[in-house]
Amino acid sequence: VIDDAELDAFQAALTELLARRLPFDEAAAILARDPAFDAHRAWVRAFDPALYRAAAVLCATWIRGGRAARETE
Amino acid sequence: MSRTSPRVGLNFLPEDDFRAAALPLFEDGLVDALERDIDAAWGATPDSSARVQAAWPDAMFDAYAADDALYGHGVWLSVLSGRWTPRQERWIERLAEECAARRYRHVSEHFGWMTSGPYWRNTILPAPYTRATVALGGDRMKRLADAAQRPVGLEVLATALGPDDALAQGAFLDEILAPVDGFLVLDVHNVWTLATNLRLDPLALLERFPLARARELHVSGGAWLDGEPRVRLDSHDGEVPDELWPLVRAALARCPALEVVFLERRAGTLGDPAAQAALRADFLRVRAEVDAAFAAPVEAVA
(Lines give C-alpha, C1' and ligand atoms only; values in the text may rest on other atoms or scores of the structure.)
Protein backbone atom coordinates (compact mmCIF):
# COMPACT_ATOMS: atom_id res chain seq x y z
CA VAL A 1 0.00 0.00 0.00
CA ILE A 2 1.27 3.46 -0.83
CA ASP A 3 0.84 5.66 2.25
CA ASP A 4 1.81 9.30 1.90
CA ALA A 5 1.84 10.76 5.41
CA GLU A 6 2.85 14.19 4.14
CA LEU A 7 -0.10 14.30 1.74
CA ASP A 8 -2.45 13.06 4.47
CA ALA A 9 -1.31 15.83 6.82
CA PHE A 10 -1.71 18.38 4.04
CA GLN A 11 -5.21 17.14 3.25
CA ALA A 12 -6.22 17.17 6.93
CA ALA A 13 -4.92 20.73 7.32
CA LEU A 14 -6.85 21.82 4.23
CA THR A 15 -9.98 20.09 5.52
CA GLU A 16 -9.73 21.87 8.86
CA LEU A 17 -9.12 25.22 7.21
CA LEU A 18 -12.08 24.84 4.85
CA ALA A 19 -14.34 23.77 7.71
CA ARG A 20 -13.59 27.05 9.52
CA ARG A 21 -15.28 28.95 6.65
CA LEU A 22 -12.97 31.93 7.06
CA PRO A 23 -13.18 34.87 4.67
CA PHE A 24 -10.89 34.10 1.73
CA ASP A 25 -8.37 36.81 2.60
CA GLU A 26 -7.83 35.24 6.02
CA ALA A 27 -7.66 31.73 4.59
CA ALA A 28 -5.23 32.83 1.87
CA ALA A 29 -2.91 34.32 4.49
CA ILE A 30 -2.86 31.00 6.34
CA LEU A 31 -2.34 29.06 3.12
CA ALA A 32 0.60 31.34 2.29
CA ARG A 33 2.48 31.01 5.59
CA ASP A 34 1.38 27.87 7.48
CA PRO A 35 4.05 25.14 7.23
CA ALA A 36 1.24 22.58 6.87
CA PHE A 37 0.86 23.78 3.27
CA ASP A 38 4.58 23.93 2.39
CA ALA A 39 4.50 20.78 0.26
CA HIS A 40 2.00 22.21 -2.23
CA ARG A 41 2.44 25.96 -1.81
CA ALA A 42 2.14 26.78 -5.51
CA TRP A 43 -1.11 24.83 -5.77
CA VAL A 44 -2.76 26.54 -2.81
CA ARG A 45 -1.58 29.97 -3.99
CA ALA A 46 -3.65 29.45 -7.15
CA PHE A 47 -6.91 28.98 -5.23
CA ASP A 48 -9.79 31.03 -6.58
CA PRO A 49 -11.72 33.00 -3.92
CA ALA A 50 -15.19 32.01 -5.15
CA LEU A 51 -14.27 28.36 -5.56
CA TYR A 52 -12.67 28.33 -2.12
CA ARG A 53 -15.89 29.76 -0.65
CA ALA A 54 -17.98 27.07 -2.34
CA ALA A 55 -15.64 24.29 -1.20
CA ALA A 56 -15.81 25.62 2.35
CA VAL A 57 -19.61 25.52 2.30
CA LEU A 58 -19.57 21.92 1.01
CA CYS A 59 -16.89 20.90 3.49
CA ALA A 60 -18.83 22.29 6.43
CA THR A 61 -21.85 20.31 5.27
CA TRP A 62 -20.16 16.97 4.67
CA ILE A 63 -17.30 16.74 7.16
CA ARG A 64 -17.44 13.95 9.74
CA GLY A 65 -14.79 12.73 12.15
CA GLY A 66 -12.10 14.39 14.27
CA ARG A 67 -13.04 17.68 15.85
CA ALA A 68 -15.99 17.91 13.48
CA ALA A 69 -17.41 14.78 15.10
CA ARG A 70 -17.77 16.61 18.38
CA GLU A 71 -19.21 19.68 16.73
CA THR A 72 -21.59 18.23 14.16
CA GLU A 73 -22.46 14.62 14.97
CA MET B 1 -20.76 3.80 -41.01
CA SER B 2 -22.75 4.26 -37.80
CA ARG B 3 -21.52 3.72 -34.26
CA THR B 4 -23.35 1.45 -31.83
CA SER B 5 -25.83 3.49 -29.87
CA PRO B 6 -25.21 3.54 -26.10
CA ARG B 7 -27.79 2.43 -23.60
CA VAL B 8 -29.79 5.13 -21.83
CA GLY B 9 -30.44 4.63 -18.15
CA LEU B 10 -31.08 6.08 -14.74
CA ASN B 11 -29.10 6.35 -11.54
CA PHE B 12 -31.35 4.19 -9.38
CA LEU B 13 -32.58 5.44 -6.01
CA PRO B 14 -34.67 3.39 -3.57
CA GLU B 15 -36.59 6.41 -2.26
CA ASP B 16 -40.33 6.79 -2.90
CA ASP B 17 -40.04 10.10 -4.76
CA PHE B 18 -37.72 8.54 -7.32
CA ARG B 19 -40.02 5.55 -7.70
CA ALA B 20 -42.99 7.84 -8.36
CA ALA B 21 -41.02 9.87 -10.90
CA ALA B 22 -39.40 6.99 -12.76
CA LEU B 23 -42.07 4.30 -12.72
CA PRO B 24 -43.71 5.41 -16.01
CA LEU B 25 -40.32 5.21 -17.73
CA PHE B 26 -39.77 1.67 -16.49
CA GLU B 27 -43.32 0.67 -17.40
CA ASP B 28 -42.78 1.93 -20.95
CA GLY B 29 -39.57 -0.07 -21.27
CA LEU B 30 -37.46 3.02 -21.84
CA VAL B 31 -34.77 2.43 -19.22
CA ASP B 32 -32.04 0.33 -20.82
CA ALA B 33 -29.65 0.29 -17.87
CA LEU B 34 -29.39 1.00 -14.14
CA GLU B 35 -26.58 2.68 -12.30
CA ARG B 36 -26.51 1.56 -8.68
CA ASP B 37 -24.69 3.40 -5.90
CA ILE B 38 -22.84 0.20 -5.16
CA ASP B 39 -21.58 1.26 -1.73
CA ALA B 40 -24.91 2.65 -0.51
CA ALA B 41 -25.19 -0.14 2.06
CA TRP B 42 -21.79 0.34 3.66
CA GLY B 43 -20.07 3.46 2.32
CA ALA B 44 -21.54 6.19 4.47
CA THR B 45 -20.37 4.80 7.79
CA PRO B 46 -17.12 5.54 9.65
CA ASP B 47 -15.99 1.90 9.46
CA SER B 48 -17.68 0.64 6.27
CA SER B 49 -20.12 -1.34 8.40
CA ALA B 50 -23.35 -2.35 6.70
CA ARG B 51 -26.62 -0.50 7.19
CA VAL B 52 -30.04 -1.99 6.63
CA GLN B 53 -31.24 -1.28 3.11
CA ALA B 54 -34.64 -1.60 1.50
CA ALA B 55 -34.98 -5.05 -0.02
CA TRP B 56 -37.40 -4.30 -2.84
CA PRO B 57 -34.77 -2.88 -5.25
CA ASP B 58 -32.92 -6.21 -5.26
CA ALA B 59 -35.36 -7.59 -7.83
CA MET B 60 -34.64 -4.58 -10.06
CA PHE B 61 -30.90 -5.01 -9.70
CA ASP B 62 -31.16 -8.74 -10.44
CA ALA B 63 -33.30 -8.15 -13.53
CA TYR B 64 -30.87 -5.62 -14.99
CA ALA B 65 -27.88 -7.75 -13.98
CA ALA B 66 -29.39 -10.65 -15.90
CA ASP B 67 -29.31 -8.43 -19.00
CA ASP B 68 -25.73 -7.33 -18.20
CA ALA B 69 -27.13 -3.83 -17.82
CA LEU B 70 -26.34 -3.11 -14.15
CA TYR B 71 -23.52 -0.64 -13.49
CA GLY B 72 -21.86 -0.05 -10.12
CA HIS B 73 -20.91 3.45 -8.98
CA GLY B 74 -19.06 4.06 -5.73
CA VAL B 75 -19.10 7.28 -3.75
CA TRP B 76 -17.14 6.76 -0.54
CA LEU B 77 -13.75 5.16 -1.34
CA SER B 78 -11.70 8.40 -1.47
CA VAL B 79 -9.27 7.42 -4.22
CA LEU B 80 -6.70 10.22 -3.75
CA SER B 81 -6.40 10.24 0.04
CA GLY B 82 -2.79 10.23 1.17
CA ARG B 83 -3.40 7.58 3.79
CA TRP B 84 -4.98 4.17 3.23
CA THR B 85 -7.27 3.58 6.20
CA PRO B 86 -8.95 0.50 7.71
CA ARG B 87 -12.25 2.01 6.55
CA GLN B 88 -11.04 1.99 2.95
CA GLU B 89 -9.63 -1.53 3.28
CA ARG B 90 -13.02 -2.72 4.53
CA TRP B 91 -14.71 -0.80 1.68
CA ILE B 92 -12.60 -2.76 -0.81
CA GLU B 93 -13.47 -6.06 0.88
CA ARG B 94 -17.18 -5.25 0.71
CA LEU B 95 -16.88 -4.27 -2.94
CA ALA B 96 -15.28 -7.63 -3.71
CA GLU B 97 -18.13 -9.39 -1.90
CA GLU B 98 -20.77 -7.40 -3.79
CA CYS B 99 -19.13 -7.98 -7.17
CA ALA B 100 -18.88 -11.71 -6.45
CA ALA B 101 -22.56 -11.82 -5.52
CA ARG B 102 -24.05 -9.84 -8.39
CA ARG B 103 -23.12 -9.24 -12.00
CA TYR B 104 -22.08 -5.65 -12.69
CA ARG B 105 -21.06 -4.53 -16.15
CA HIS B 106 -18.35 -2.29 -14.70
CA VAL B 107 -17.59 -0.32 -11.53
CA SER B 108 -16.65 3.33 -11.18
CA GLU B 109 -15.65 5.71 -8.42
CA HIS B 110 -14.92 9.42 -8.12
CA PHE B 111 -11.71 11.28 -8.87
CA GLY B 112 -10.54 13.16 -5.76
CA TRP B 113 -10.41 12.61 -2.01
CA MET B 114 -12.53 13.14 1.08
CA THR B 115 -10.80 11.13 3.87
CA SER B 116 -7.85 12.74 5.66
CA GLY B 117 -6.36 12.63 9.13
CA PRO B 118 -9.20 12.05 11.59
CA TYR B 119 -11.85 13.00 9.05
CA TRP B 120 -13.41 9.98 7.37
CA ARG B 121 -15.94 11.94 5.33
CA ASN B 122 -15.99 15.22 3.48
CA THR B 123 -17.06 16.67 0.20
CA ILE B 124 -14.87 15.26 -2.59
CA LEU B 125 -11.95 17.63 -3.21
CA PRO B 126 -9.20 17.87 -5.84
CA ALA B 127 -5.58 16.92 -5.16
CA PRO B 128 -2.43 18.57 -6.53
CA TYR B 129 -1.21 16.88 -9.71
CA THR B 130 2.24 15.48 -8.86
CA ARG B 131 4.24 12.31 -9.50
CA ALA B 132 3.37 11.21 -5.97
CA THR B 133 -0.40 11.66 -6.37
CA VAL B 134 -0.32 9.89 -9.73
CA ALA B 135 1.45 6.92 -8.10
CA LEU B 136 -1.03 6.98 -5.23
CA GLY B 137 -4.00 7.07 -7.59
CA GLY B 138 -2.55 4.21 -9.61
CA ASP B 139 -2.21 2.14 -6.45
CA ARG B 140 -5.85 2.79 -5.48
CA MET B 141 -7.12 1.95 -8.95
CA LYS B 142 -5.26 -1.35 -8.91
CA ARG B 143 -6.94 -2.19 -5.61
CA LEU B 144 -10.30 -1.24 -7.07
CA ALA B 145 -9.72 -3.38 -10.16
CA ASP B 146 -8.50 -6.37 -8.12
CA ALA B 147 -11.62 -6.22 -5.94
CA ALA B 148 -14.12 -5.63 -8.73
CA GLN B 149 -12.65 -8.13 -11.22
CA ARG B 150 -14.15 -6.14 -14.08
CA PRO B 151 -13.44 -2.81 -15.79
CA VAL B 152 -13.08 0.13 -13.40
CA GLY B 153 -13.21 3.85 -13.97
CA LEU B 154 -13.31 7.30 -12.44
CA GLU B 155 -15.75 10.17 -12.75
CA VAL B 156 -14.73 13.73 -13.56
CA LEU B 157 -14.68 15.92 -10.44
CA ALA B 158 -16.82 19.05 -10.47
CA THR B 159 -15.15 20.72 -7.50
CA ALA B 160 -12.09 22.83 -8.22
CA LEU B 161 -10.09 25.17 -6.02
CA GLY B 162 -7.99 26.66 -8.79
CA PRO B 163 -7.64 26.60 -12.58
CA ASP B 164 -5.30 23.60 -12.74
CA ASP B 165 -7.91 21.42 -11.05
CA ALA B 166 -9.93 21.81 -14.24
CA LEU B 167 -7.30 22.33 -16.92
CA ALA B 168 -5.00 19.47 -15.86
CA GLN B 169 -7.67 17.09 -14.63
CA GLY B 170 -7.92 15.24 -17.93
CA ALA B 171 -4.20 14.49 -18.05
CA PHE B 172 -4.19 13.54 -14.34
CA LEU B 173 -7.11 11.14 -14.88
CA ASP B 174 -5.49 9.63 -17.94
CA GLU B 175 -2.29 8.86 -16.02
CA ILE B 176 -4.17 7.17 -13.19
CA LEU B 177 -6.48 5.20 -15.45
CA ALA B 178 -3.88 3.99 -17.95
CA PRO B 179 -2.18 1.28 -15.83
CA VAL B 180 -5.51 -0.55 -15.32
CA ASP B 181 -6.84 0.46 -18.74
CA GLY B 182 -9.59 2.18 -16.79
CA PHE B 183 -12.47 4.13 -18.24
CA LEU B 184 -13.64 7.69 -17.85
CA VAL B 185 -17.07 8.54 -16.47
CA LEU B 186 -17.67 11.75 -18.34
CA ASP B 187 -20.13 13.76 -16.26
CA VAL B 188 -21.08 16.54 -18.62
CA HIS B 189 -22.61 18.70 -15.90
CA ASN B 190 -19.35 18.43 -13.95
CA VAL B 191 -17.35 19.62 -16.95
CA TRP B 192 -19.81 22.47 -17.53
CA THR B 193 -19.66 23.37 -13.82
CA LEU B 194 -15.85 23.54 -13.92
CA ALA B 195 -15.91 25.67 -17.05
CA THR B 196 -18.62 27.99 -15.77
CA ASN B 197 -16.98 28.57 -12.41
CA LEU B 198 -13.56 29.21 -13.94
CA ARG B 199 -14.87 31.20 -16.89
CA LEU B 200 -13.48 28.67 -19.38
CA ASP B 201 -14.88 27.59 -22.73
CA PRO B 202 -16.87 24.40 -21.95
CA LEU B 203 -16.11 22.69 -25.25
CA ALA B 204 -12.40 23.44 -25.03
CA LEU B 205 -12.37 22.04 -21.49
CA LEU B 206 -14.31 18.95 -22.54
CA GLU B 207 -11.67 18.22 -25.17
CA ARG B 208 -8.91 18.23 -22.53
CA PHE B 209 -10.33 15.01 -21.02
CA PRO B 210 -9.31 11.56 -22.36
CA LEU B 211 -12.52 11.11 -24.32
CA ALA B 212 -11.33 7.86 -25.93
CA ARG B 213 -11.60 6.32 -22.45
CA ALA B 214 -15.21 7.43 -21.88
CA ARG B 215 -17.52 4.42 -21.53
CA GLU B 216 -20.13 6.14 -19.38
CA LEU B 217 -21.66 9.58 -19.66
CA HIS B 218 -23.62 11.35 -16.91
CA VAL B 219 -26.21 14.07 -17.40
CA SER B 220 -27.66 15.96 -14.44
CA GLY B 221 -28.66 19.31 -13.06
CA GLY B 222 -27.45 21.30 -10.12
CA ALA B 223 -27.88 24.58 -8.26
CA TRP B 224 -26.22 27.94 -7.76
CA LEU B 225 -24.50 29.08 -4.58
CA ASP B 226 -25.42 32.72 -4.12
CA GLY B 227 -22.69 35.31 -3.78
CA GLU B 228 -20.51 37.46 -5.99
CA PRO B 229 -19.73 35.72 -8.19
CA ARG B 230 -22.28 32.97 -7.82
CA VAL B 231 -20.84 29.44 -8.03
CA ARG B 232 -22.34 26.43 -9.76
CA LEU B 233 -22.69 23.30 -7.63
CA ASP B 234 -23.03 19.74 -8.89
CA SER B 235 -25.85 19.06 -6.47
CA HIS B 236 -28.12 16.89 -8.66
CA ASP B 237 -31.13 18.63 -7.20
CA GLY B 238 -32.50 20.39 -10.25
CA GLU B 239 -33.46 19.95 -13.87
CA VAL B 240 -30.84 19.70 -16.59
CA PRO B 241 -30.09 23.33 -17.55
CA ASP B 242 -30.71 24.39 -21.14
CA GLU B 243 -27.07 25.43 -21.48
CA LEU B 244 -25.93 21.84 -20.93
CA TRP B 245 -27.52 20.24 -23.98
CA PRO B 246 -24.99 21.54 -26.56
CA LEU B 247 -22.19 20.05 -24.44
CA VAL B 248 -24.10 16.76 -24.19
CA ARG B 249 -24.30 16.69 -28.00
CA ALA B 250 -20.58 17.48 -28.28
CA ALA B 251 -19.74 14.70 -25.84
CA LEU B 252 -21.88 12.17 -27.69
CA ALA B 253 -20.08 13.06 -30.90
CA ARG B 254 -16.59 12.83 -29.41
CA CYS B 255 -16.62 9.64 -27.33
CA PRO B 256 -15.98 6.66 -29.62
CA ALA B 257 -16.27 3.98 -26.91
CA LEU B 258 -19.40 5.22 -25.19
CA GLU B 259 -21.50 2.37 -23.81
CA VAL B 260 -24.11 3.95 -21.55
CA VAL B 261 -25.61 7.33 -20.67
CA PHE B 262 -27.18 7.91 -17.24
CA LEU B 263 -29.46 10.68 -16.04
CA GLU B 264 -28.79 11.39 -12.36
CA ARG B 265 -30.91 13.05 -9.68
CA ARG B 266 -30.62 13.23 -5.90
CA ALA B 267 -33.19 11.52 -3.70
CA GLY B 268 -35.55 13.80 -1.84
CA THR B 269 -35.72 16.36 -4.65
CA LEU B 270 -38.61 14.79 -6.57
CA GLY B 271 -41.43 15.25 -4.09
CA ASP B 272 -43.82 17.25 -6.20
CA PRO B 273 -45.45 16.19 -9.48
CA ALA B 274 -43.78 18.98 -11.45
CA ALA B 275 -40.32 17.79 -10.45
CA GLN B 276 -41.28 14.22 -11.28
CA ALA B 277 -42.50 15.28 -14.72
CA ALA B 278 -39.31 17.25 -15.24
CA LEU B 279 -37.19 14.17 -14.52
CA ARG B 280 -39.15 12.21 -17.11
CA ALA B 281 -38.79 15.05 -19.62
CA ASP B 282 -35.03 15.19 -19.03
CA PHE B 283 -34.79 11.43 -19.53
CA LEU B 284 -36.72 11.58 -22.80
CA ARG B 285 -34.51 14.45 -23.93
CA VAL B 286 -31.39 12.40 -23.19
CA ARG B 287 -32.89 9.52 -25.13
CA ALA B 288 -33.67 11.83 -28.08
CA GLU B 289 -30.18 13.32 -28.06
CA VAL B 290 -28.61 9.85 -28.09
CA ASP B 291 -30.91 8.67 -30.87
CA ALA B 292 -30.10 11.72 -32.98
CA ALA B 293 -26.35 11.49 -32.40
CA PHE B 294 -26.10 7.83 -33.24
CA ALA B 295 -28.44 7.85 -36.19
CA ALA B 296 -26.05 10.12 -38.05
CA PRO B 297 -23.00 8.81 -39.94
CA VAL B 298 -19.88 9.22 -37.86
CA GLU B 299 -18.30 11.55 -40.44
CA ALA B 300 -21.21 13.95 -40.05
CA VAL B 301 -20.79 14.36 -36.31
CA ALA B 302 -16.99 14.32 -36.00
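First the proteins, then the strands, lettered A, B, ... as listed; each starts at 1. It should be emphasised that the depicted structure is a prediction, and the values quoted were computed from it without experimental measurement.
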Please look at [X] and chain B and tell me whether the side chain, the backbone, both or neither of the residue comes under 4.5 angstrom of a heavy atom of that chain.
X	value
A:Trp43	side chain
A:Ala50	both
A:Val44	neither

Salt-bridge criterion met for B:Asp201 and B:Arg208 (N-O under 4.0 Å) | no

Any luck finding a side-chain donor-acceptor pair between [X] and [Y] under 3.5 Å?
X	Y	result
B:Thr133	B:Thr130	yes
B:Tyr129	B:Gln169	no
B:His73	B:Glu109	no
B:Trp84	B:Glu89	yes

Heavy-atom distances under 4.5 Å only: say whether [X] touches chain A with side chain, backbone, both or neither.
X	answer
B:Ile124	neither
B:Ala132	side chain
B:Arg140	side chain
B:Thr159	side chain
B:Leu136	both
B:Trp113	side chain

So, B:Phe172 versus B:Phe111, ring centres under 6.0 angstrom or not?
->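 B:Phe172 vs B:Phe111: aromatic centres under 6.0 Å.
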
Identify whether NZ of Lys or CZ of Arg in B:Arg121 sits under 6.0 Å from the centre of the six-membered ring of B:Trp76 and within 45° of that ring's axis.
-> no

Cation over ring, B:Arg230 on B:Trp224, under 6.0 Å and within 45°?
->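 Because its charged atom sits under 6.0 Å from the ring centre and within 45° of the axis, B:Arg230 does stack over B:Trp224.
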
Could you check which of B:Ser235, B:Ala135, B:Ala127 has the highest count of heavy-atom pairs closer than 4.5 Å to chain A?
-> B:Ala127

Options B:Met114, B:Lys142, B:Glu228, B:Arg143, ranked by heavy-atom pairs under 4.5 Å with chain A, top entry | B:Arg143

With respect to chain B, which residue among A:Leu7, A:Leu51, A:Leu18 yields the maximal number of heavy-atom pairs within a distance under 4.5 Å?
-> A:Leu51

